[in-house]
Undergrad: 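Please read through the structure below; I'll follow up with questions.
Convention: sequence-line order gives letters A, B, ...; per-chain numbering from 1.
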Number of protein chains: 2
Amino acid sequence: MNDTSPPRRGRKSELSREQILDAAARMLRRQGYGNTTLRAIAEVAGIQAGSIYYHFASKDEIMDAVLERGVAAVYEAVRDRLAALPSETGHLARIEVAVTTHLEALLSHGDYTSASIRTYGEVPEAFQQKSQPLREAYVVLWQDLLGAAQADGAIRDDLDTSLLRTLLLGSLNWTVEWYDPTQRPVQDIARQAVDVLFRGVVPVEEAS
Amino acid sequence: MNDTSPPRRGRKSELSREQILDAAARMLRRQGYGNTTLRAIAEVAGIQAGSIYYHFASKDEIMDAVLERGVAAVYEAVRDRLAALPSETGHLARIEVAVTTHLEALLSHGDYTSASIRTYGEVPEAFQQKSQPLREAYVVLWQDLLGAAQADGAIRDDLDTSLLRTLLLGSLNWTVEWYDPTQRPVQDIARQAVDVLFRGVVPVEEAS
DNA sequence: GCAATAATCTAACAATCGTTCGAATGGTAA
DNA sequence: TTACCATTCGAACGATTGTTAGATTATTGC
C-alpha cells in the first residue's frame, strides 16, 4: 500500500536525473513552459528524448520538480539563515539578512528560481498546487518578520506590511530579469535595496 | 514600389483585428507564448482559426502587436502626464506622478501589459527587437527623471540611480502578478510605494 | 438590386509535440 | 564468463501545431 520505496536504482540514474533537471530549468527560464520541448531538454542533457521517461513519468513531472526546487532553494536559505541568528538580533538586522539571503539564493540558483518565478503562472493549475504550500510558508515567514518589526515600532505603523511585503519581494524577484553577475556583486544590490527600504531616497535634511 | 497602402479594408476588419488582439493578450497573459494556440485565440475571438490569417500574416505578428501595445500603453501614458505638468513642478512630485501613472496604465491595460511583461523573455529574439526602441526610450525617461532629481539634491547622492530605477520598476511591474482590482484601488498602492520610496519604512525618531 | 470585394469558413498539409515500447547496451554480483 | 537488472536507444503512435488555399458568405458602392 505505502509505495514509498522507489525502484532500486544505481548511482548513474541520479546523475542523469540531475542533468535532465538542469537542462529543463535552463530552457524553462528562457523559453517558458510551452516552448520547452522534451527533445530539446534531452539534447542539452546529452540523451535521447525517450530516455527521459525512465526518470520521469511525464513532462509535467519534470516541470513540477524544477518549480519546487526553485522555491525551496530560496525559502530554505532564508529560513535557515534567520534561525541561525542570535535571538537578540534586532528586527531591522533580521530584515536585512532576509533580503540579502533572498537575493543571494535567488541569483545563485538562477535557472531554477527564474524558471520557478516565470513559469509558475503559465503552468496548469493542477500542479501549481503542489508547490503552493511552500510558497505560502514563505509568505508567512516574511509577514511574521515585517509584522513583528512593526509591532515593536521598528517599522512605521502607518504602513500596510502586507502591501509592503509584495512590493519588496516583487522588487527582489524582478532582479532575475536583469541581473548580470559579471557587472555587480549581489551584495551591492542587497545593500542599496535595504538602504532605500529603511531610509528612503530623500536626504534627511529635506524629508518633509 | 512603396507599398505603404494597405489593402483597402472595411470597418469590420478593424473590429475583428481588435478582438483577435484582445483574445491573444488575455491568453498570453495566463499561458505564455508557447501555450497560446491560434485555435484557442480564434475561439475566444469568436471566429475560425484560418480566418486569423486574413488579419495577420503569422502568429508572431500577433504576438508582436500585443507586446508593442503593452509597452506603448505605459510609456505614452507616463510621458504625456509628465509633459502636462507645470514646468515648476518639483522633482519628487514628478516622480510621484510617474509612479502613479505607471501603475495605473500597467494595471488598467492588464492583459496587454502583463502579456508584454511576462512574454517578452520567451519570445524569439528576432522580434524582441521590434519593441526594444520603445523599451529603451522608457528606461531613458526614468533615468533622466531620477538623474535630474539626484543632481538637484532631491535624491541622496550616495545612491546609484540606475540600480534604483531597476529596483523600483521591478517592484511596480511585479504588481501584475498579484494585483486584484476588487481588493484595493491602484492609488493606494501607488501612495504607499511612493511613501516608502521617499521616506523609507523606519520611523524618523530612530533612523540611525 | 447587382456586381465587386471584404471577410470568413472548411478542410486539409507537413511538421512537431508528448509518449510508448521492444530491442540494444551498460555495468555489477556471482 | 554468465546472468541479471539498470539504463539508454530507436522508431514509431496519435494528437495537435501553424499555415495554406479554395469555396462560401457578408457587406459595400453604384
Undergrad: Rounded to the nearest 0.5 Å, what separation is found between the CE atom of A/Met63 and the OG1 atom of A/Thr36?
TA: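 One gets 5.5 Å once the value is rounded to the nearest 0.5 Å.
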
Undergrad: Specify the separation, in whole Å, of atom CG of A/Leu15 and atom P of C/dG26.
TA: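 Atom-to-atom, A/Leu15 to C/dG26, this comes out as 16 Å.
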
Undergrad: Kindly state each residue pair satisfying ring-ring contact (aromatic ring centres under 6.0 Å, His included) with at least one member in residues 19-42 of chain A, sequence neighbours excluded.
TA: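 Of all non-adjacent pairs touching residues 19-42 of chain A, none passes ring-ring contact (aromatic ring centres under 6.0 Å, His included).
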
Undergrad: Rounded off to whole Å, could you give me the CG-to-C1' distance for the B/Asp64 and D/dG18 pair?
TA: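 Distance check: B/Asp64 CG to D/dG18 C1' gives 17 Å.
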
Undergrad: Can you tell me how far P of D/dT16 sits from CD of B/Glu43, to the nearest Å?
TA: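 So the two atoms are 13 Å apart, to the nearest Å.
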
Undergrad: Taking atom C1' of D/dA11 as reference, at what distance in whole Å does atom CD1 of A/Ile47 sit?
TA: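 Between C1' of D/dA11 and CD1 of A/Ile47: 17 Å.
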
Undergrad: Does any donor atom in the side chain of A/Ser116 or A/Arg135 lie under 3.5 Å from an acceptor atom in the other side chain?
TA: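 Yes, a side-chain donor-acceptor pair sits under 3.5 Å.
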
Undergrad: Atom CD of B/Glu61 and atom P of D/dG18: how far apart are they, to the nearest Å?
TA: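 Those two atoms, CD and P, are 15 Å apart.
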
Undergrad: OP1 or OP2 of D/dT8 less than 4.0 angstrom from a side-chain nitrogen or oxygen of A/His55, does that happen here?
TA: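 Indeed, a polar side-chain atom of A/His55 lies that close.
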
Undergrad: Within this structure, what is the CG-to-C1' distance between A/Asn35 and D/dT16, rounded to whole angstrom?
TA: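 To the nearest whole Å, that distance equals 15 Å.
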
Undergrad: Compare the minimum distances between each of D/dT8, C/dC9, C/dA6 and the side chain of A/Tyr54, then state the nucleotide with the smallest one.
TA: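 The nucleotide sitting nearest to the side chain is D/dT8.
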
Undergrad: What string of B, S and - do you get for nucleotides 19-25 of chain D, 5' to 3', when a contact is any protein heavy atom under 4.0 Å?
TA: BB-----

Undergrad: When you measure from the centre of the six-membered ring of B/Tyr112, is the NZ or CZ of B/Arg29 under 6.0 Å away and within 45° of the axis?
TA: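 No - B/Arg29 does not lie over the ring of B/Tyr112 by the 6.0 Å and 45° rule.
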
Undergrad: Ring-plane angle category for A/Tyr75 and A/Tyr138, please: parallel below 30°, perpendicular beyond 60°, tilted otherwise.
TA: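 Because their plane-to-plane angle is over 60°, the rings of A/Tyr75 and A/Tyr138 count as perpendicular.
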
Undergrad: Could you tell me the separation between the CD1 atom of B/Ile52 and the P atom of C/dC9, rounded to a whole number of Å?
TA: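 So the two atoms are 10 Å apart, to the nearest Å.
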
Undergrad: Going by salt bridge (charged side-chain N to carboxylate O under 4.0 Å, His left out), A/Asp64 matches just one of A/Arg69, A/Lys130, A/Lys59. Which one?
TA: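 That would be A/Lys130; it is the only one of A/Arg69, A/Lys130, A/Lys59 passing the salt bridge (charged side-chain N to carboxylate O under 4.0 Å, His left out) with A/Asp64.
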
Undergrad: Between atom CG of B/Asp111 and atom NE2 of B/His109, what is the distance when rounded to the nearest 0.5 Å?
TA: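 Those atoms lie 11.0 Å apart.
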
Undergrad: Measure from CD on A/Gln48 to C1' on D/dT7 and round the result to the nearest Å.
TA: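 Rounded to the whole Å, the gap is 13 Å.
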
Undergrad: Please determine if a side-chain N or O atom of A/Ser16 lies less than 4.0 Å away from the OP1 or OP2 oxygen of D/dT8.
TA: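 For D/dT8, OP1 or OP2 has a side-chain N or O of A/Ser16 closer than 4.0 Å.
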
